[in-house]
Amino acid sequence: MAQITLSNLAHTYAPSGEQESDFALKTLNHVWQEGGAYALLGPSGCGKTTLLNIISGLIMPSHGRVLFDGTDVTGLPAEKRNIAQVFQFPVVYDTMSVRENLSFPLKNRGLAGAQIQARVALIAEMIGLEDILDQKARGLTTDAKQKISLGRGMVRESVNAILLDEPLTVIDPQLKWELRTQLKSLHRELGHTMIYVTHDQVEALTFADTVVMMHEGRVLQMGTPESLFETPKHTFVGHFIGSPGMNFLDASIEGNHAVINGQPVPLGANYRNPCGHTQIGIRPEYVQFTADGGLPVVVRHIEDLGHRRIVHAELERSPILVSVPEGCPFDSTMTQVRFIPEKINVFTDSWRVEGETF
Ligand code: ATP
């Protein structure tokens with residue numbers, strides 16, 4: 001496994017593209033640690049596959065370099081990079097048995113029979129294929145075939161990285177839940193550098209230690225699932241992560257208070273006159289109904305999710321969502337909310353501002 005360095009990396013598909021809008025991937029400078037579990041997360045068209053394919057060698061970047069453990073591999077084709085890839089759709093040999101499919105990458109590299117047997121048995125057990133090892137791949141369900149693809153991706157011990165591009169797309173929803181968790185423990189046990197592309201935040205947050213949140217060809221934030229949830233660097237991250245996403249309200253900031261519609265809202269930190277378009281961001285989980293001293297809201301409707309209710313309300317004319325956990329008293333006559341000060345983030349021109357804690 002390798003540390004992966006992206007040095008001034010950018011990519012345009014346009015042959016003579018030099019304008020920023022021509023770039024599917026805007027300039028990146030990152031070091032991805034050896035053995036890390038990374039998820040590339042973002043909406044369709046944000047550049048996830050382009051970045052993955054540059055790392056794998058399927059695309060030669062128009063600008064910058066890719067290094068594996070300090071060695072420049074930018075000009076090397078995929079087959080020379082010693083990486084394993086798992087795609088959206090199963091890539092298996094139908095005429096071979098499950099065992100033969102799993103053994104194939106190891107045989108190809110000349111491993112001894114006993115080593116192959118041991119490794120295949122281990123991977124098959126980890127991924128839940130041990131009962132069908134001697135069945136032919138032909139005739140198996142798509143789920144089982146995709147499990148074989150995952151197994152083939154994991155079977156080689158010496159790969160620099162395992163790259164997975166939306167690997168659970170074809171998996172049945174129930175099994176998806178199971179495999180998501182399994183992939184996480186596979187990473188823990190096998191210790192490979194793994195990069196997982198997805199537009200599904202649940203998959204990204206379950207699998208990754210580090211989530212790389214992308215939007216319009218840019219990496220907006222790289223951090224733990226918790227940091228993306230609690231302190232999103234950009235309003236887009238706050239909005240994309242969480243279900244529902246973060247609330248944003250226009251506010252002026254005066255030191256340790258925000259002012260919304262003339263009413264002061266205490267903040268958990270001190271801000272030195274941020275300028276530009278200022279907003280506060282607060283997650284629905286950190287908004288509470290209160291009997292007095294809060295901001296006035298009008299409740300529009302309530303979504304009952306069983307374990308919690310999502311209350312859709314309006315604060316002046318701005319929509320605001322409140323998450324009310326099961327067991328918390330709430331009725332639609334409640335008309336004021338308060339925010340947990342330490343959980344409020346401040347943004348100017350969509351970017352988070354770091355406050356000074358008291
Ligand atoms: P999705 O989740 O839909 O696969 P993505 O985040 O992986 O999206 P990319 O496939 O990397 O995004 O695409 C990023 C941008 O590059 C998009 O605007 C896309 O239209 C463009 N693009 C991708 N492949 C090519 C190509 N071969 N030629 C020209 N433009 C391309």
Side-chain angles (χ1 to χ4, degrees), residues 4 6-30 32 37-66 73-78 81 83-91 142 146 149-150 153 161-171 173 176 179-180 183 193-208 210-223 225 228 232-243 245 350:
I4 299 171
L6 311 176
S7 171
N8 289 319
L9 189 73
H11 187 67
T12 169
Y13 287 98
S16 57
E18 282 305 329
Q19 289 177 10
E20 198 182 64
S21 57
D22 292 331
F23 280 77
L25 202 62
K26 273 108 184 164
T27 309
L28 286 177
N29 280 293
H30 286 153
W32 296 14
Y38 292 89
L40 294 184
L41 174 67
S44 183
C46 71
K48 306 179 295 289
T49 302
T50 301
L51 178 53
L52 196 79
N53 288 346
I54 289 174
I55 294 172
S56 72
L58 291 177
I59 293 179
M60 171 82 129
S62 60
H63 296 72
R65 297 186 307 149
V66 179
V73 296
T74 321
L76 285 186
R81 292 196 184 189
I83 39 128
Q85 278 191 278
V86 182
F87 299 96
Q88 272 188 13
F89 299 100
V91 180
T142 312
Q146 187 63 346
S149 294
L150 283 166
I162 302 173
L163 312 181
L164 306 113
D165 194 352
E166 306 256 8
L168 303 185
T169 308
V170 295
I171 301 284
K176 205 181 248 194
L179 271 181
R180 224 166 41 205
L183 276 172
T193 308
M194 283 169 76
I195 305 174
Y196 185 117
V197 162
T198 179
H199 62 269
D200 180 334
Q201 59 162 313
V202 179
E203 277 179 31
L205 302 180
T206 316
F207 169 76
T210 305
V211 178
V212 182
M213 177 81 223
M214 297 183 69
H215 180 49
E216 293 179 346
R218 266 199 189 83
V219 172
L220 293 180
Q221 186 166 2
M222 215 167 137
L228 269 74
K233 280 198 177 161
H234 191 274
T235 49
F236 184 83
V237 182
H239 167 77
F240 194 89
I241 301 283
S243 182
S350 302

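One-based numbering, in listed order, for ligands and for the atoms of each.
Residues Leu9 and Leu51 form a side-chain contact, since some pair of their non-hydrogen atoms from C-beta on lies under 4.5 Å apart. Taking the side chain as every heavy atom from C-beta outward, Val212 and Leu41 never approach each other to under 4.5 Å. Taking 4.5 Å as the limit, some side-chain heavy atom of Ile55 sits within range of a side-chain heavy atom of Leu163. Between Glu20 and Arg218, some side-chain heavy-atom pair lies under the 4.5 Å cut-off.
Ring-centre distance between His63 and Phe23: below the 6.0 Å cut-off.
Judged as a salt bridge (Lys or Arg N to Asp or Glu O under 4.0 Å), not a single pair has a partner in residues 39-52 (not counting sequence neighbours).
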Anything under 3.5 Å between an N or O on ligand 1 and a protein N or O? List each pair with its distance, or write none.
unit_1, atom_1, unit_2, atom_2, d
ligand 1, 2 (O), Lys48, NZ, 3.0
ligand 1, 3 (O), Ser44, OG, 2.5
ligand 1, 6 (O), Gly45, N, 3.4
ligand 1, 6 (O), Cys46, N, 3.1
ligand 1, 6 (O), Gly47, N, 3.1
ligand 1, 6 (O), Lys48, N, 3.1
ligand 1, 6 (O), Lys48, NZ, 2.9
ligand 1, 7 (O), Thr49, N, 2.9
ligand 1, 7 (O), Thr49, OG1, 2.7
ligand 1, 8 (O), Gly45, N, 2.7
ligand 1, 11 (O), Thr50, N, 2.9
ligand 1, 11 (O), Thr50, OG1, 2.5
ligand 1, 12 (O), Gly47, N, 3.2
ligand 1, 24 (N), Tyr13, OH, 3.4

